[in-house]
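Read through the structure below, which is laid out as structure tokens, and then see the notes.
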Amino acid sequence: MIIVMQAGADEASVQAVVSAIRSRGLSEHLSRGSERVIIGAVGDERVFDPAWFEGMAQVEKAIRIVHDWRLVSREVRPQGTVVSANGVRFGEGSLKILADAGSLKTSGSETAWPADADALLFDPFRLNPNPYAPDVAHDSKAAERALSRATAACRAAGKAAVVRIRAAAQIEAALEADADMLYLGGEMLADRHLQQLAGSLNLPLVLCKGRGDSVRDWLMAAERTFLRGNPHLILGEAGTLALGGGLRLDIEAIAEAKALSHLPVLADLLRLSRPYLGADLLQQLAQTAGADAVIRPAGTVQAA
């Protein structure tokens, strides 16, 4: 069950809800935003009537959740899951920073590795959206060797190498490049074949929510992937459709996913920054909502 407090609710009212949850043998999960607190009641919510919570001081609404998933739910695992990639642990309480490898500065054969980044995101299979630009043969041996060199250098620097794949056929190349983690973008959320293949791997995965997908769609896809035998999942939020066009960071979805699932959550900020809303502020919003990791342009992360 999700309990949404009124804007500016005081700590006494929040703790009253927490005490009520604990009185029935359930545990709570708090997500504190700049204006609101969202409280998840973790356990068998059937012992509660939403109207009971809604009658409490400064409670705006209570929402009963009927899960269509189980393995990724906090009902099965109340404590959070920690996913490890090349020694980088996601979900243990400290925010992890991933830098966009595509925005790294190089000088000759030397790469300026971001000192504050725990991992780097490689996107070698992205095609140029310009219809007049020539497509690069991403399946060429030269491209695969370049990716292998880049991920090897990344790992030698003590950082996890995360490779974004955009089709099932690219999994093999990413594995041959010794990727520490695969990143499946939101456009992949409806691709059940890809989820089955990725779920058969013993390799950490970032599974992103699509721009128009609900949290239910997101967690159902995670459940299908988990069912294939891969428990090393991270939920990714890369932006949802905003009124008036463009993308916005869906902090509500991050908070809800953290309340409902034990999986770590990552916020991809690469296409969300605006002149008036930079990466630092977006990172603060994501962390406040409960994100365990963020992806930032390399230029906004301290270089070594």
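Computed from a predicted structure; not experimentally measured. We count residues from 1, following the sequence as given.
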List the residues meeting side-chain hydrogen bond (donor to acceptor under 3.5 Å, both in side chains) with [X], not counting sequence neighbours, and say none if there are none.
{"X": "Asp250", "result": "none"}
{"X": "Glu60", "result": "Arg36"}
{"X": "Arg216", "result": "Asp68"}
{"X": "Ser214", "result": "Asp217"}

Does some side-chain heavy atom of [Y] sit less than 4.5 Å from a side-chain heavy atom of [X]?
{"X": "Met181", "Y": "Val88", "answer": "no"}
{"X": "Asp123", "Y": "Arg166", "answer": "yes"}
{"X": "Leu270", "Y": "Pro297", "answer": "yes"}
{"X": "Gln287", "Y": "Val294", "answer": "no"}
{"X": "Ile251", "Y": "Thr288", "answer": "no"}

Donor-acceptor check, side chain of [X] to backbone of [Y], threshold 3.5 angstrom: yes or no?
{"X": "Gln195", "Y": "Leu189", "value": "yes"}
{"X": "Asn86", "Y": "Ala161", "value": "no"}
{"X": "His262", "Y": "Leu71", "value": "yes"}
{"X": "Ser261", "Y": "Ser73", "value": "no"}
{"X": "Glu237", "Y": "Gly239", "value": "yes"}
{"X": "Glu28", "Y": "Ile39", "value": "no"}
{"X": "Gln58", "Y": "Gln6", "value": "no"}
{"X": "Arg74", "Y": "Leu260", "value": "no"}

| request: Just do the side chain to side chain contact (heavy atoms under 4.5 Å, CB included) check on Leu241 and Leu247 with the steps written out, would you? | output: CA-CA 5 Å; Leu241 295 174; Leu247 297 175; 4.1 Å; yes
So which atom in [X] and which in [Y] form the shortest heavy-atom distance, rounded to 0.1 Å?
{"X": "Ala286", "Y": "Ala267", "value": "CB-CB, 3.7 Å"}
{"X": "Gly186", "Y": "Asp213", "value": "O-OD2, 4.4 Å"}
{"X": "Gly185", "Y": "Cys208", "value": "C-CB, 3.7 Å"}
{"X": "Leu147", "Y": "Pro124", "value": "CD2-CG, 3.9 Å"}
{"X": "Leu233", "Y": "Leu263", "value": "O-CD2, 3.7 Å"}
{"X": "Val83", "Y": "Pro204", "value": "CG1-CB, 3.8 Å"}

| request: Among residues two or more places apart or on two chains, list those pairs meeting side-chain hydrogen bond (donor to acceptor under 3.5 Å, both in side chains) that have a residue in residues 185-194. | output: Arg164-Glu187
| Pairs touching residues 146-163 that satisfy side-chain hydrogen bond (donor to acceptor under 3.5 Å, both in side chains), sequence neighbours left out |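 Every pair satisfying side-chain hydrogen bond (donor to acceptor under 3.5 Å, both in side chains) with a residue in residues 146-163: Arg155-Asp180.
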If you measure from [atom1] on [X] to [atom2] on [Y], what distance do you get to the nearest 0.5 Å?
{"X": "Leu272", "Y": "Arg248", "atom1": "CG", "atom2": "CZ", "value": "10.5 Å"}
{"X": "Ile295", "Y": "Leu121", "atom1": "CD1", "atom2": "CG", "value": "5.0 Å"}
{"X": "Thr225", "Y": "Gln196", "atom1": "OG1", "atom2": "CD", "value": "9.0 Å"}
{"X": "Leu120", "Y": "Leu98", "atom1": "CG", "atom2": "CG", "value": "7.5 Å"}
{"X": "Leu182", "Y": "Met188", "atom1": "CG", "atom2": "CE", "value": "12.5 Å"}
{"X": "Ile165", "Y": "Phe122", "atom1": "CD1", "atom2": "CZ", "value": "15.5 Å"}

| task | Under the ring pair (Phe, Tyr, Trp, His ring centres under 6.0 Å) rule, collect the residues that match up with Phe48, sequence neighbours excluded. | result |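 Ring pair (Phe, Tyr, Trp, His ring centres under 6.0 Å) check on Phe48 returns Trp52, Phe53.
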| said: Restricting to salt bridge (Lys or Arg N to Asp or Glu O under 4.0 Å), what partner residues turn up for Asp178, sequence neighbours left out? | reply: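 Counting only residues at least two positions away or on another chain, Asp178 forms no salt bridge (Lys or Arg N to Asp or Glu O under 4.0 Å).
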| query | With sequence neighbours excluded, what pairs up with Glu223 under the salt bridge (Lys or Arg N to Asp or Glu O under 4.0 Å) test? | reply |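 Glu223 satisfies salt bridge (Lys or Arg N to Asp or Glu O under 4.0 Å) with no other residue.
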Hydrophobic cluster identity match, [X] and [Y], side-chain contacts under 4.5 Å:
{"X": "Val14", "Y": "Val42", "result": "no"}
{"X": "Val82", "Y": "Leu203", "result": "no"}
{"X": "Phe125", "Y": "Leu194", "result": "yes"}
{"X": "Val215", "Y": "Ile254", "result": "yes"}

| Should Leu26 and Met1 be marked as a side chain to side chain contact (heavy atoms under 4.5 Å, CB included) after you check the CA-CA gap, both sets of side-chain angles, and the distance that decides it? | CA-CA 10 Å; Leu26 281 71; Met1 180 172 291; over 6 Å; no
| request: Show your working on side chain to side chain contact (heavy atoms under 4.5 Å, CB included) between Leu30 and Val18 and close with a plain yes or no. | output: CA-CA 9 Å; Leu30 273 70; Val18 170; 3.9 Å; yes
| Of the options Asp116, Asp100, Asp268, Asp280, which is the one that meets Arg296 in a side-chain hydrogen bond (donor to acceptor under 3.5 Å, both in side chains)? |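 Of the listed options, the one satisfying the test is Asp280.
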| task | Mind checking side chain to side chain contact (heavy atoms under 4.5 Å, CB included) for Ala16 and listing every partner two or more places apart, or none if nothing turns up? | result |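 Ala16 satisfies side chain to side chain contact (heavy atoms under 4.5 Å, CB included) with Met56 only.
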| Pairing residues for Ala257 by the side chain to side chain contact (heavy atoms under 4.5 Å, CB included) criterion, not counting sequence neighbours | Trp218, Leu235, Val265
| query | Would you say Glu92 has more than 12 foreign heavy atoms packed within less than 6.0 Å of its CD? | reply |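 Yes.
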| Pairs flagged by salt bridge (Lys or Arg N to Asp or Glu O under 4.0 Å) wherever residues 285-295 is involved - sequence neighbours left out |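 Residue pairs passing salt bridge (Lys or Arg N to Asp or Glu O under 4.0 Å), neighbours aside: Lys258-Asp292.
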